[in-house]
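Here is how names work: the chains are called A, B, and so on, in the same order as the sequence lines, proteins then strands, and each is numbered from 1.
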Protein chains: 2
Amino acid sequence: MPRSASTTDIFSAIAEPRRREILELLAKRGPHQVGSLVALLGLPQPAVSKHLGVLRAVGLVSVIKSGQHRVYRLEAEELKTVLDWTKAFEQYWGSQLDRIKQRAERESERRRSGGSHARGA
Amino acid sequence: MPRSASTTDIFSAIAEPRRREILELLAKRGPHQVGSLVALLGLPQPAVSKHLGVLRAVGLVSVIKSGQHRVYRLEAEELKTVLDWTKAFEQYWGSQLDRIKQRAERESERRRSGGSHARGA
DNA sequence: TTAAGATATTCTCATGAAAGAATATGTCAA
DNA sequence: TTGACATATTCTTTCATGAGAATATCTTAA
């Protein structure tokens, strides 16, 4: 089975450091045309266009044709998927006390649902 | 320049759906030994071991040898990097009003610092 | 020591993707 | 229409990676 494509999976799309850089740029400085991004990133133009293509494919950016240029704009809401996924783990770090509470919760949950799964150590 | 390695970059590590699945499992059900993960995931044992190897390389899981078994435990704090990065974008979505405010902030910031960057349309 | 069980490692294969160079497409101005 | 500019696409090469199969390593029990 092939890997998940970076053109369809948002997690793969943001796995590329340069694409993250592009997103940061669009966030901090608003919409930009390709040429500006090329200048700011110091990457060859085709590289930038290709990265933008991936970001567009997953909906992380949108384009508006403005005459000769194309203006790319961040579509930040798309990152909600990632934020939500990551946020769900937030409860698993923090203080030792938190962890003890969580363990107790997990275990009572397991008892309630008749758990019988192998547990470590 | 080569791609960023999934063994060093946490974003690449979580780009793999099965690795995310493993993390979710370890979160929801606590530490597990490899055999349990194999059973729960329905993947061949070497595949699981390899994914665990990647997760371990970036610090997302830790291992404790327990006799014949190895117990893998989630190290959720490592996801803080991802959470923080994603959270920084949260302000860019939401209501239209929010966006208008943000734009105003960005623009006044730009004026203040003598900005002269190309802007879209 | 030997055997069995649990897990990791190695190897091969196929795929996807990024970099780089070249070129195509599209748009405006003259 | 022609030419200049902005951007996208194509092609090749290189490399990382995941799957799969086989095997090695380590640990405990007999």
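- Atom-to-atom distance recorded for A:L41:CG and A:E21:CD is 5.0 Å, nearest 0.5 angstrom.
- Residue A:I22 contributes atom CD1, which lies 11 Å from atom P of C:dA18 at whole-angstrom precision.
- In this structure, CG in A:L74 is found 14.5 Å from CZ in A:R29, a value given to the nearest 0.5 Å.
- Listed nucleotides C:dG26, D:dT10, C:dA18 differ in distance to A:E16; the shortest reach to its side chain belongs to C:dA18.
- Between A:H32 and the choices A:L40, A:I22, A:V38, the side chain to side chain contact (heavy atoms under 4.5 Å, CB included) rule is met once, by A:L40.
- The side chain of B:H69 contributes no N or O atom lying less than 4.0 Å from OP1 or OP2 of D:dC26.
- Summarising the geometry, the separation between NZ on B:K50 and P on D:dA16 is reported as 16 Å, rounded to the nearest angstrom.
- One can place CG of B:L41 at 11 Å from P of D:dA19, the figure rounded to the nearest angstrom.
- Along DNA chain C, the nucleotide closest to B:S49 and the one closest to A:L43 are compared, and the more 5′ of them pairs with B:S49.
- Across the protein-nucleic acid pair, B:F11 atom CZ and C:dA18 atom C1' stand 19 Å apart, rounded to whole Å.
- Among D:dT7, D:dT9, C:dA18, the nucleotide with an atom closest to any side-chain atom of A:Q33 is D:dT7.
- To the nearest angstrom, C1' of C:dC28 lies 5 Å from CD of A:Q68.
- A:K65 has its NZ atom 16 Å from the C1' atom of D:dC5, to the nearest Å.
- The CD atom of B:E78 sits 10.0 Å away from the CH2 atom of A:W93 when rounded to the nearest 0.5 Å.
- DNA chain C is contacted by both A:H51 and A:Q45; A:H51 maps to the nucleotide lying nearer its 5′ end (nearest heavy atom per residue).
- Residue B:Y72 has no polar side-chain atom (N or O) positioned under 4.0 Å from OP1 or OP2 of C:dA6.
- The distance from the CG atom of A:D9 to the CZ atom of B:R20 is 5.0 Å, given to the nearest 0.5 Å.
- A:R19 comes within 4.0 angstrom of sugar-phosphate atoms only, judged by non-hydrogen atoms across all strands, and of no base.
- Stems are defined here as 3 or more consecutive Watson-Crick or G-U wobble pairs with pairing distances under 3.5 Å; those involving DNA chain C are C:1-30 with D:1-30.
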